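First up is the structure itself, then whatever we jot down about it.
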Amino acid sequence: MRNFLRSYPSEAKLLVVLLILCTLLAFLTPDFLTLVNLTSLLNNNSVNVIWAVGLLVVLIAGGIDISFAVAASVVQYICVYVFAAIGGGNWAIGLIVAGGLGMSLGLINAFLIHQFRIISIVVTISTFNAFFGLLMFITSGRFLYNLPSWWSKAVYLWEKETPQGWADIRLPVAVMAVCMVATWFLIRHTTTGRQLYAFGDNPEGARRAGISIGLMQAIAFGWCGMMAGIAGLMQANITKEVVPMALIGRELDVLAAVVLGGARLGGGRGSILGCFLGVALVAVTQNGLNLLGVSPYAFKMVVGAIILLAISTSNLDLARLVTPRRKGRE
Amino acid sequence: MTSAPAIHLRHISKVFGGVKALQDVDFDVGMGEVHCLAGENGCGKSTLIKIITGVYQPEPGAEIEIFGQRYAQITPTVARKAGIAVIWQDLALFAEMTVAENIAFEAVLGNRPRRVRHAEMRRDATAALDRLGVHLDLDARLGTLPIAERQMVAIARALVGEARLIFMDEPTASLTQTETDALLSVVRTLSAQGVTVVFVSHRLAEVLEIANRVTVLRDGRLVGVYLAEGMTQTRLTELMTGKTFDQHVAAQDTAASEPVLEVQGLTRKGEFRDISFALRRGEVLGLTGLIGAGRTELAHVLFGMTRPDAGTVTLDGRPVRFRSNRDAVAAGIAYVSEDRLALGLIQPQSISDNAVLAVLKKITGGAGLLSDDRQEGLVAHWVRELGVKIGKPGDAMNTLSGGNQQKLVLAKWLATQPKVLILDCPTVGVDVGARAGIFRIVRDLAAQGLGILLISDEVTEVHFNADRILHMAGGRIVGEYDPRQTRVEELEAAVYA
Ligand SMILES: Nc1ncnc2c1ncn2[C@@H]1O[C@H](COP(=O)(O)OP(=O)(O)OP(=O)(O)O)[C@@H](O)[C@H]1O
Ligand SMILES: [Mg+2]
């Protein structure tokens with residue numbers, strides 16, 4: 001317990017806040033703590049979590065990515081044409097194609113950053129505009145509804161009838177879980193993952209130790225792109241259509257959630273648990289406000305306030321409260 | 001020492017912009033030798049190490065041979081595979097990672113991506129720390145450790161794995177005597193096992209104690225290679241600087257002047273207890289003791305960074321209670337911190353901006369705008385006074401050599417013209433010539449009526465430069481000495497006992 005608090009201070013804090021919030025909401029509205037509401041929250045936020053874990057890898061490596069949500073849109077469009085060309089496809093092909101396309105877009109970012117030594121925020125703002133401009137230009141903003149049926153049909157993994165209606169868990173949740181586990185394995189248990197942390201923490205130190213900077217950028221942005229592509233595929237599965245500007249703006253929500261989850265702009269810190277909790281806190285807040293009948297226009301304001309609060313209290317040390325104070329210096 | 005050299009370098013030059021960091025330097029180190037690199041700040045020691053380890057590429061014409069093998073180009077990976085490990089002057093550690101991960105970082109650098117073996121990592125880290133005789137919490141985040149412990153981590157890291165050649169760039173800079181002794185005995189053991197060590201330090205006593213041979217550099221050029229046996233500190237200083245310095249007790253009787261800072265019964269739980277002393281105007285008061293004695297903690301309270309649990313502080317006869325260090329600065333207290341590279345500098349900013357940061361008010365003109373002329377004048381003044389080696393004032397701070405960065409932080413605080421100046425280990429990593437320069441300035445400041453609290457774990461430094469010495473141990477003041485009536489050996493015996 002004490003170790004957990006010391007290694008994951010922001011995650012622990014977030015968990016406490018989330019639990020308090022859930023308890024409050026459970027008392028305030030009878031609809032909150034129901035299986036139907038909780039599962040639909042999970043279904044609807046799985047895409048955000050997939051993006052979040054991808055972005056996390058970039059943040060750990062000391063970069064930032066603004067372009068991933070738009071990249072996901074690009075992947076969706078290309079996928080529609082690819083699947084039509086190959087005569088349908090299926091989930092396995094879909095995941096490979098979407099992940100691969102996303103990764104390629106991520107690698108473009110990595111290439112620009114490394115080759116021209118431009119900071120990642122500038123590069124990804126540029127690619128954000130380039131991807132979006134290109135998409136609108138080529139599609140003329142057209143919506144696509146003619147998705148292959150395997151893609152647009154909801155896949156139920158589990159369902160249950162409750163007094164409030166049917167509760168279910170759909171495919172995107174499973175994909176989210178796989179993405180979380182894969183990313184967790186990458187960053188915590190592989191040498192490459194630890195190199196990413198080291199590189200984000202102290203790039204010069206990492207360089208002197210012989211870590212290849214170009215490779216680090218490629219892995220971080222490639223991974224983020226791959227997750228973005230997969231998230232795009234899942235998003236279209238939920239909405240059953242492909243709309244060019246549907247995802248724009250989501251990058252900032254995800255970024256906020258990841259930072260809320262303890263990742264540091266500047267590199268070297270962040271965890272999968274934090275990502276999940278960050279997304280969850282934002283989602284539960286919005287859901288709660290919604291159930292309480294607050295105007296949707298207030299959502300963003302409240303979310304903004306939460307983030308400010310989280311960041312300004314990030315010096316509050318929970319570990320202190322359960323650890324006896326260290327006596328002097330050894 | 002066998003005949004095959006571990007390192008054989010010819011015609012090494014390195015130019016950074018306009019600065020010639022190294023000019024046609026030859027460097028030879030025998031197998032299993034402990035070889036010291038000596039020279040003033042900015043003479044090119046770290047640059048030479050970075051060239052051998054592939055961090056920088058030398059100018060064309062260089063010949064590099066390591067363990068008998070010629071290299072056209074070295075990269076950090078090639079160097080590591082050749083069995084080279086480095087303790088970097090700026091440590092190059094990872095603040096967000098744990099102590100174990102920092103020490104066993106080699107394990108993270110597998111050739112092919114693979115699973116991290118956590119158990120193995122902890123075992124390696126423990127083994128390395130045991131060799132140094134230190135115990136650190138393996139799971140602590142590195143960023144939470146004090147600077148001396150971080151230094152131990154950096155040293156331990158070089159001991160993991162089978163390094164055949166270890167570069168130590170000022171490994172003892174922030175260590176106390178006991179820790180230094182432990183390190184030196186590790187160096188001896190390594191050398192006995194056939195490991196070659198290249199050692200850099202500004203503490204000449206240490207250099208002469210550990211080295212077989214010393215290579216001296218001055219202004220990027222090779223002065224010569226000398227046997228340590230028979231060499232004296234005075235002679236070595238002369239070779240490094242081209243000048244002579246003599247050390248003598250500088251203490252003066254200041255009992256007559258009135259106190260500027262008085263401390264009565266100051267206590268902070270877990271750090272120090274019942275500290276009482278008076279610092280007089282024009283006095284240099286030395287405060288020495290081992291690490292963990294509570295010296296730095298005491299300084300933090302005096303500078304308003306932490307608050308005492310009991311006791312009073314009086315400044316100029318008026319009781320003061322600082323809520324923050326800003327209050328302390330406003331009241332006329334300046335503090336040059338021990339960890340000044342981390343706390344005192346904003347690295348990528350320009351040298352000139354850094355030097356004037358603490359005195360922005362003084363160089364702002366009538367309309368509150370910065371005056372370039374005044375900034376330039378002030379910077380030029382301090383660069384000259386302290387003998388800082390810089391390219392041009394607009395260069396980024398992190399292009400300076402380690403010791404020159406130290407000097408500038410000092411300049412930054414000296415320029416505030418405070419009433420009380422607290423110097424926490426002001427000469428860490430600073431060369432002999434500049435040390436003399438710093439203490440000359442300290443004397444001048446004292447003569448102008450400043451009270452100066454000089455914290456140092458180098459007993460000789462305090463002995464030669466303070467008017468009065470307080471000895472702290474276990475959070476208490478355990479003794480007071482007059483340097484004119486105490487021999488340095490007695491003082492050393494008391495402190496290092
Ligand atoms: N990356 C860099 N860019 C520009 N100048 C540099 C750079 N690195 C070093 N220098 C310059 O090269 C010279 C030699 O620096 P170096 O760090 O090798 O000195 P040093 O002998 O290690 O000094 P110290 O004892 O202070 O550590 C200095 O004048 C320094 O300002
Ligand atoms: Mg150096």
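Because the structure is predicted, anything quoted here is derived from the model rather than measured. Letters go in sequence order (proteins before strands), and every chain restarts at 1.
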Between Arg115(B) and chain A, with a heavy-atom cut-off of 4.5 Å, which part of the residue counts as in contact: side chain, backbone, both or neither?
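For Arg115(B), the contact with chain A is made by backbone and side chain together.
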Against chain A, label Phe105(B) side chain, backbone, both or neither, depending on which of its atoms sit under 4.5 Å from a heavy atom there.
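Only the side chain of Phe105(B) comes within 4.5 Å of chain A.
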Return all side-chain donor-acceptor pairs below 3.5 angstrom for residues 50-61 of chain A, not counting sequence neighbours, or 'none' if the list is empty.
none

Top residue by heavy-atom pair count (under 4.5 Å) with chain A, among Asn102(B), Thr53(B), Leu93(B), Thr98(B)?
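Among Asn102(B), Thr53(B), Leu93(B), Thr98(B), the one with the most close pairs to chain A is Leu93(B).
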Considering only heavy atoms and a distance below 4.5 Å, find which of Thr75(B), Leu91(B), Asp137(B) pairs most often with chain A.
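Of Thr75(B), Leu91(B), Asp137(B), Asp137(B) has the most heavy-atom pairs under 4.5 Å with chain A.
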Rounded to the nearest 0.5 Å, what separation is found between the CD1 atom of Ile113(A) and the CZ atom of Phe221(A)?
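Reported to 0.5 Å precision, the distance equals 3.5 Å.
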With rounding to the nearest 0.5 angstrom, report the CG to CZ distance, Asp309(B) to Arg273(B).
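One finds 12.5 Å between CG of Asp309(B) and CZ of Arg273(B).
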Per-residue contacts, residues 194-219 of chain A versus chain B, heavy atoms under 4.5 Å
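Residues of residues 194-219 of chain A touching chain B at under 4.5 Å: Arg194(A), Gln195(A), Tyr197(A), Ala198(A), Asp201(A), Asn202(A), Glu204(A), Gly205(A), Ala206(A), Arg207(A), Arg208(A), Ala209(A), Gly210(A), Ile211(A).
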Identify which one of Lys50(B), Glu170(B), Lys45(B) satisfies the side chain to side chain donor-acceptor pair (under 3.5 Å) criterion when paired with Gln89(B).
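Of the listed options, the one satisfying the test is Glu170(B).
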Report the C-alpha separation of Met152(B) and Leu175(B) in whole Å, then their side-chain angles, then the decisive distance to 0.1 Å, and conclude whether the side chain to side chain contact (heavy atoms under 4.5 Å, CB included) test is met.
CA-CA 8 Å; Met152(B) 293 317 268; Leu175(B) 300 188; 3.6 Å; yes
Scan the side chains in residues 256-270 of chain A for donor-acceptor partners under 3.5 Å anywhere in the protein, sequence neighbours excluded, and list what turns up.
| from | atom 1 | to | atom 2 | distance (Å) |
| --- | --- | --- | --- | --- |
| Arg264(A) | NE | Gly267(A) | O | 3.2 |
| Arg264(A) | NH1 | Glu96(B) | OE2 | 3.1 |
| Arg264(A) | NH2 | Gly267(A) | O | 2.8 |
| Arg269(A) | NE | Glu96(B) | OE1 | 2.8 |
| Arg269(A) | NH2 | Glu96(B) | OE1 | 3.2 |
| Arg269(A) | NH2 | Glu96(B) | OE2 | 3.1 |

Does the side chain of Asn109(A) pick up a donor-acceptor pair with the side chain of Thr124(A) at under 3.5 Å?
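Side-chain D/A pair, Asn109(A) to Thr124(A): absent.
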Can you list everything that forms a salt bridge (Lys or Arg N to Asp or Glu O under 4.0 Å) with Arg117(A)? Sequence neighbours excluded, please.
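Here no residue qualifies.
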